[in-house]
Enquirer: 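Structure provided below as structure tokens; questions to follow.
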Amino acid sequence: MVQIPINKNKEAMRKDPIIKRHFISFDGGVRQDASYQRPDRYSMVERISKHSPIIARGGGYSYSAASFSEKSLVVDMRCFNRILSFDPQSGIVEVEAGMTIASLLEFATPRGFWLPLLPGYPEITIGGCIGANVHGKNPYRHGTFAKRVVDINLYHPVYGIRRISPESESEIFELTCGGYGLTGVILSASLRLQPLAGDQIVTVQTPVRNLAEGLEVTRQASMQYEFAYSFNELSPFPKTFGRGCVIGSEVLSGSVNSGKIIPKYFPITPESRTRLPYSIWGGWRTRVIEHLYWLLETSRNKTKKENLFQFVFPFAAYGKYFLFYGRKGLVEYQVIIPDENVETFLSAAEKIILDNRMEGVMGSMKLFKGRQKFLRYEMDGVCVTFNFARTERTLNSLPRLDKLVIAMGGLPNLIKDSRIPRDVVAACYPELEKTRNALRNYDPDRLFRSELSERLGL
Amino acid sequence: MNSLIVGASAGLGRALSNELAVNGHNLVLVSSDKRDIEAVAADLRLRHGVIVRVVAGDVMDGDTYLTRITKATDDMGGIDGLFFPIGAVADADVPGVKIATMRRLMRINLLSVMETVTLFWPQLEQREKGIVVGFSSIAASRGRRNNAAYSAAKRGLVSYFESLRQAAVGTGIRVQLYMPGYLDTGLAFGAKTLLLPPSRPEKLARKVVRRLSKDIGMSYFPIYWRPICEILRLLPWSVYKKLDF
């Protein structure tokens with residue numbers, strides 16, 4: 001064959017296109033246009049400019065605008081969704097950051113492993129789980145996602161690719177797990193999976209009449225079951241407020257299905273969530289839907305068996321729950337309240353919601369255990385979640401809940417609230433300034449920025 | 001079945017590699033970037049348990065590149081399928097562009113395919129079986145001022161694959177050429193798409209693998225591009241010269 005001498009000039013070839021795109025936080029609270037890039041090669045990530053702000057994005061399911069900002073280049077990492085290595089002995093798997101948790105489960109489950117602390121929507125990416133240090137259905141027993149991370153490959157345009165772990169570059173590792181993507185682009189991570197005894201879950205539901213009873217039963221269930229949390233009605237009617245059920249679940253020992261465990265589901269995105277022009281939730285409509293749901297749940301068998309996927313991702317089947325909030329969206333108010341203050345908090349919060357006729361829809365409680373550090377949503381206490389329809393009345397009343405949380409020594413979840421102001425965060429997170437300084441020491445130009453980081457003055 | 005995929009690390013190539021692995025093909029994957037192609041290979045081995053070898057090489061490297069492909073396929077015990085989801089575009093692909101850019105476009109989009117087929121054709125003939133699948137483009141329908149070398153290369157593929165198909169008659173080799181419209185890959189990301197939404201490359205990959213045993217000749221994807229391209233071809237010059245797309 002003849003060797004053909006050719007000039008390898010790649011400069012004129014088309015690469016790294018950047019477009020303008022409209023972004024919406026999942027709760028509908030923040031809408032901004034930003035520059036957007038979708039790399040599908042490592043070299044593209046490495047060519048990102050170090051002269052202007054950047055923020056990495058996964059599935060875009062964070063309620064706050066943690067993965068975009070009008071001033072930053074949004075780097076969509078979903079093409080990086082490959083499994084790089086897996087050790088069946090130790091259960092350590094290395095995956096790229098754009099892999100969805102559903103895809104990870106699909107790989108791990110037939111091999112006898114899983115992660116018991118996954119958030120409730122299947123399209124959330126591993127990078128997002130690390131950035132938000134997510135928790136699952138019993139953080140009291142399983143902790144948060146950071147505990148499962150062995151090491152991370154982190155890219156920063158100034159430092160290149162660094163492998164960080166609790167043993168090597170531990171401060172950057174601590175800043176990255178629960179650091180909202182502000183230390184760089186997570187390329188891949190090694191995760192320690194947990195052996196799985198079976199892929200069927202047995203669930204026991206216990207009806208509760210109000211929040212106080214819900215708390216008591218949730219506390220008992222957390223000791224008794226591997227997974228425990230409550231669902232509570234929040235429509236602003238005193239008689240039924242807080243009514244609901246406590247879910248206690250265990251993995252059933254038995255065979256693990258080697259086939260596909262993921263059924264078909266209708267995926268919902270931050271954009272498709274806004275399709276309905278008006279909210280179905282609100283006033284008497286919430287009350288009617290919740291009452292029908294209550295009747296259905298109390299008439300059903302209290303013990304049920306379900307597949308692992310349905311259990312881990314309840315919102316895959318009930319995606320319409322988010323759709324029903326309409327174009328304006330929802331407010332998710334999630335806080336950890338120290339154990340000794342929970343009863344006081346619940347009764348005061350109930351009074352605020354009812355007195356101000358906030359458009360509550362659904363609430364939830366679960367026990368939490370952890371050590372608070374930097375901006376991680378983690379400490380000992382009870383995690384209380386309130387979902388509201390995003391209305392003027394609700395938004396105007398939220399500062400009252402903020403004051404209550406500060407008074408109770410609570411910790412709001414920054415990834416769940418696109419509104420939460422800096423002064424509230426400063427009052428609740430003792431290490432806000434320390435985080436700010438650590439980020440500035442590591443990256444004096446503060447290259448990685450999002451709407452969330454700008455709002456918090458990071 | 002052992003298959004060679006040239007341009008396997010991203011977009012359609014990656015989707016096709018995955019679909020072939022799902023269907024039990026052992027693979028030789030070729031791409032310019034070692035890290036990307038090794039990540040794809042690791043993923044396919046772990047998920048689907050198939051044998052995957054990689055060749056990280058630039059099609060511009062000519063003989064060296066072809067020698068490395070030959071070695072990888074020999075290690076695999078020969079090749080039954082050749083797949084060419086390879087493609088590249090340039091920002092300013094107009095007449096008068098740098099000669100190096102034009103050469104690179106022709107090499108990636110046309111010559112690399114012809115060279116690799118030329119290398120493996122005797123092997124396929126000897127085995128009296130095999131499949132060659134190419135991917136042209138709707139851009140091959142008519143030459144455009146903004147896509148001059150790319151359109152020419154892709155139209156060259158149409159002619160070359162017609163020749164291959166005729167040469168394959170009676171040999172047991174099947175030759176297929178797909179004419180994809182806009183795909184949701186890095187190649188079309190941010191490009192004007194004439195109001196038609198880009199299609200998922202995974203969908204095309206599934207279609208290709210599903211029809212491997214069929215003598216389909218040339219096929220548009222999605223199918224609605226066929227009448228659109230026919231109309232485009234029939235437009236009189238007086239009209240076509242005024243179009244700006």
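All values reported here derive from a predicted model rather than from experimental measurement. Throughout, a chain's letter reflects where its sequence line sits, starting with A, and its residues are numbered from 1.
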Enquirer: Which answer fits A:R111, side chain, backbone, both or neither, if we ask what part of it has an atom under 4.5 Å from a heavy atom of chain B?
Expert: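 Only the side chain of A:R111 comes within 4.5 Å of chain B.
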
Enquirer: Under 4.5 Å from any heavy atom of chain A, what part of B:R45 do you find: side chain, backbone, both or neither?
Expert: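 No part of it gets close to chain A.
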
Enquirer: Side chain, backbone, both or neither: which part of B:T118 has a non-hydrogen atom closer than 4.5 Å to chain A?
Expert: neither

Enquirer: With a 4.5 angstrom heavy-atom cut-off, is it the side chain or the backbone of B:D36 that approaches chain A, or both, or neither?
Expert: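 For B:D36, the contact with chain A is made by backbone and side chain together.
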
Enquirer: In Å, rounded to the nearest 0.5 Å, how long is the span from CD1 of A:I152 to OG1 of A:T176?
Expert: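 OG1 of A:T176 is found 5.5 Å from CD1 of A:I152.
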
Enquirer: Please walk me through it: do A:R57 and A:F23 pass side-chain contact (heavy atoms from CB on, under 4.5 Å)?
Expert: CA-CA 11 Å; A:R57 181 176 171 88; A:F23 292 93; 3.6 Å; yes

Enquirer: Could you check which of A:N81, A:I83, A:L84, A:V95 has the highest count of heavy-atom pairs closer than 4.5 Å to chain B?
Expert: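 Looking at each of A:N81, A:I83, A:L84, A:V95 in turn, A:I83 comes out on top.
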
Enquirer: Under the side-chain contact (heavy atoms from CB on, under 4.5 Å) rule, collect the residues that match up with A:S272, sequence neighbours excluded.
Expert: A:I268, A:T269, A:R275

Enquirer: Is the closest side-chain donor-acceptor distance between A:D151 and A:S190 under 3.5 Å?
Expert: yes

Enquirer: Measure A:Q37 against the heavy atoms of chain B and call it side chain, backbone, both or neither at under 4.5 Å.
Expert: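 Just the backbone, heavy atoms under 4.5 Å.
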
Enquirer: Which of residues 72-79 of chain A have a heavy atom under 4.5 Å from any heavy atom of chain B?
Expert: A:C79

Enquirer: With side-chain contact (heavy atoms from CB on, under 4.5 Å) as the criterion, how do B:F84 and B:L157 come out once you've worked through the C-alpha distance, each side chain's angles and the decisive distance to 0.1 Å?
Expert: CA-CA 11 Å; B:F84 298 99; B:L157 275 184; over 6 Å; no

Enquirer: With a 4.5 angstrom heavy-atom cut-off, which part of A:F107 approaches chain B: side chain, backbone, both or neither?
Expert: side chain

Enquirer: Counting only heavy atoms closer than 4.5 Å, note whether B:N18 contacts chain A via side chain, backbone, both or neither.
Expert: neither

Enquirer: Spell out, as yes or no, whether a donor-acceptor pair under 3.5 Å connects the side chain of A:T109 to the backbone of A:L105.
Expert: yes

Enquirer: Would B:T64 and B:D61 count as having a side-chain donor-acceptor pair, cut-off 3.5 Å?
Expert: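 Short answer, no.
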
Enquirer: Give a yes or no on whether the backbone of A:E46 and the side-chain of A:Y155 come within a donor-acceptor separation of less than 3.5 Å.
Expert: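 Between the backbone of A:E46 and the side chain of A:Y155 there is a qualifying donor-acceptor contact (under 3.5 Å).
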
Enquirer: How long is the span from the SG atom in B:C229 to the CE atom in B:M179, to the nearest 0.5 Å?
Expert: 6.5 Å

Enquirer: Check the side chains of A:S188 and A:E96 for a donor-acceptor pair under 3.5 angstrom, ignoring hydrogens and angles.
Expert: no

